[in-house]
Amino acid sequence: MPQIRQYSNREKFLIFSRSPLTLAYVAEGLELIGTKYLQFTTRISREQRQHNIVTFESSDLYRVFLMELQHGARGL
C-alpha cells in the first residue's frame, strides 16, 4: 500500500492473485487509503470485465486493476 500511495498519481498498477480472497483484502486496503480501483474476476460478468478494461486504460481516476491470476495468463 505504501508504494501505491506514493506512486499512484503518476503510475498505474496491475495486481494479480490466485486467491479471490486476497484480492478482496487488497481492495479493502485500497478503499481505506482512498485509491480507486477496478477488478477483473470471474465473479464479474463478461460485459463488465470488458468495460473495466477500457475504463482502466482510458481513465486517470482508476489507478489500480485487481486481477485473478488466471486472467493474467491470457495476456490482459
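A quick note: this is a predicted structure, and the numbers were derived from the prediction, not measured. For the numbers below, each heavy atom of this structure counts, side chains included, while hydrogens, waters and symmetry mates do not.
E68 places a side-chain N or O within donor-acceptor distance of the main-chain N or O of T42, the cut-off being under 3.5 Å. N52 contributes no side-chain N or O that, together with a main-chain N or O of F40, makes up a donor-acceptor pair within less than 3.5 Å. In this structure, R18 contributes its side chain and L69 its backbone to no donor-acceptor pair below 3.5 Å.
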Original post:
Given the rule in the side-chain contact (heavy atoms from CB on, under 4.5 Å) test, do L66 and T41 qualify, once you have shown the distances and angles that lead to the verdict?
Top reply: CA-CA 8 Å; L66 305 177; T41 66; 6.0 Å; no
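Closest of all the heavy-atom pairs between F56 and F13 is CZ-O, 3.8 Å. Minimum interatomic distance between K36 and L61 (heavy atoms only, all atoms of both residues): CB-O, 3.4 Å. Taking all atoms of both residues into account, the shortest heavy-atom contact from R63 to S8 is NE-O, 2.7 Å.
Linking Ile, Leu, Val, Met, Phe, Trp and Tyr whenever their side-chain heavy atoms come within less than 4.5 Å puts Y62 and F16 in one cluster. Y25 and L14 fall into different hydrophobic clusters, where Ile, Leu, Val, Met, Phe, Trp and Tyr side chains are chained together by heavy-atom contacts under 4.5 Å.
Judged by a 6.0 Å distance limit and a 45° cone about the ring axis, K12 is not positioned over the six-membered ring of F65.
Considering L38, T35, V26 in turn, T35 is the only one that fulfils the side-chain contact (heavy atoms from CB on, under 4.5 Å) rule with V64.
Looking at V54 and Q50, their side chains never come closer than 4.5 Å, going by heavy atoms from C-beta outward.
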